[in-house]
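Below, chains carry the letters A, B, ... as their sequence lines are ordered, and counting in each starts from 1.
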Protein chains: 2
Amino acid sequence: MDDHAIPLDAETKAVEMPEDHREELRLWLRLLTCTTLIEGEVRRRLREKFDVTLPRFDLMAQLDKAPDGMTLSDLSKRMMVSNGNLTGLVERLVASGHIARMVSPTDRRAMVISLTKTGRDEFRSMAAEHEHWIADLFGDLSAKERSELMRLLAKTKLSARRAIAGDEQ
Amino acid sequence: MDDHAIPLDAETKAVEMPEDHREELRLWLRLLTCTTLIEGEVRRRLREKFDVTLPRFDLMAQLDKAPDGMTLSDLSKRMMVSNGNLTGLVERLVASGHIARMVSPTDRRAMVISLTKTGRDEFRSMAAEHEHWIADLFGDLSAKERSELMRLLAKTKLSARRAIAGDEQ
DNA sequence: ACAATTTATTTTAAGATTAAAACAATTGCC
DNA sequence: GGCAATTGTTTTAATCTTAAAATAAATTGT
């Protein structure tokens with residue numbers, strides 16, 4: 001197409017050259033790799049040391065922060081998983097005695113889920129060790145680097161939310 | 001426990017206070033949130049616009065980078081998923097005509113997977129749009145912020161690998 | 001009050017995912 | 001050459017996950 005015949009000054013470049021977003025793509029792949037790497041290791045250790053799955057641990061973590069319990073919808077939003085997913089997960093955690101389920105006193109559609117004593121005790125002891133694992137996994141970053149990463153991820157989160165909200169109109 | 005009675009100078013603090021790793025935990029949760037947010041949106045758009053799942057897209061992305069094909073083991077390592085997982089995924093992509101499977105000429109145990117013409121064409125057109133989505137999702141970060149995030153994630157990746165390698169001995 | 005809409009959950013069907021065991025072929029070692 | 005260990009894949013069983021449809025209760029508009 002005789003590209004070399006077209007003089008590419010800044011102006012024509014902006015119009016003629018499709019933008020290259022390989023850099024953002026690499027950034028996304030690296031973000032995904034970090035998460036997958038850490039998540040996989042946490043999953044492996046949870047299974048190995050406590051014979052618990054990550055979804056079960058995550059669900060208990062949410063409930064531990066809500067002493068009065070939460071509805072399935074709240075859990076679903078917090079955990080960013082589908083409602084149907086939670087139904088099965090909750091089912092198994094009730095069966096194993098870690099959580100209790102009761103009908104909301106104010107809304108007969110809603111189920112309020114909360115940790116049992118056993119569930120809370122087990123979770124707390126797992127969480128203590130889990131915290132050390134995470135600290136170790138991020139251990140090579142300085143305090144300054146961690147806080148800078150925190151800031152950039154906060155901005156990324158807002159950026160993504162903006163892009164997602166803008167899309168759905 | 002009359003904590004206020006104990007003078008906490010730097011020295012006793014280091015010995016008596018169990019280290020607090022809440023900050024690292026928050027960092028991890030934020031990393032996870034960003035990934036989940038972006039991944040969920042990409043998954044949703046892939047289904048909506050191309051009727052394809054993210055795992056299928058990811059697998060084709062790997063193959064597109066390897067014109068001569070890859071073995072299942074290579075794919076498994078690159079994608080950081082189990083071998084068994086790939087067997088089913090590959091099965092479905094062969095059935096839909098996107099990839100081809102052949103026995104390795106040098107190793108009769110190994111299967112070499114590669115994109116068909118259809119698969120490659122379809123993937124390329126999806127990938128072009130996908131790249132724009134990603135650019136938009138990270139759109140509020142400046143070039144400088146993106147490169148700093150890239151650097152910090154590279155360091156995080158190395159840190160995690162170090163922690164994982166150290167653990168498995 | 002009552003019809004329409006929204007909200008909360010469950011069910012269903014399909015696919016994705018893992019860990020562990022089974023199987024098959026190759027490689028390394030003697 | 002032959003045996004042990006390793007490597008590549010598949011199978012199996014269980015769990016996880018989603019999207020979409022179904023169900024049920026609450027809320028809204030008139």
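- In this model, the phosphate group of D:dC16 is approached by a side-chain N or O of A:R92 to a distance below 4.0 Å at OP1 or OP2.
- Distances shorter than 4.0 Å separate none of the side-chain N or O atoms of A:R43 from OP1 or OP2 on C:dT18.
- Of all the residues in residues 73-84 of chain A, A:M80, A:V81, A:S82, A:G84 reach under 4.0 Å from DNA chain D with at least one non-hydrogen atom.
- Within 4.0 Å (heavy atoms only), A:T53 reaches sugar-phosphate atoms of the nucleic acid but no base atom.
- Using a 4.0 Å heavy-atom criterion, one finds that A:S104 contacts no nucleic acid atom at all.
- No salt bridge links A:R26 with A:E23; every basic N to acidic carboxylate O contact stays at or beyond 4.0 Å.
- Residues B:G88 and A:A110 both approach DNA chain C. Their nearest nucleotides, taken by heavy-atom distance, put A:A110 toward the 5′ side.
- The pair B:R162-A:D136 meets the salt-bridge criterion, with a side-chain N (NZ, NE, NH1 or NH2) lying under 4.0 Å from an Asp/Glu carboxylate O.
- Considering only side-chain N and O atoms, A:N85 lies under 4.0 angstrom from the phosphate OP1 or OP2 of D:dT18.
- B:L86 comes within contact range of no nucleotide atom at all, as no heavy-atom separation falls under 4.0 Å.
- Side chain of B:T33 to main chain of B:L29: a donor-acceptor pair is present (N/O by atom type, distance under 3.5 Å, no hydrogens or angles).
- One can find a donor-acceptor pair under 3.5 Å joining the base of C:dA25 and the side-chain atoms of B:R109.
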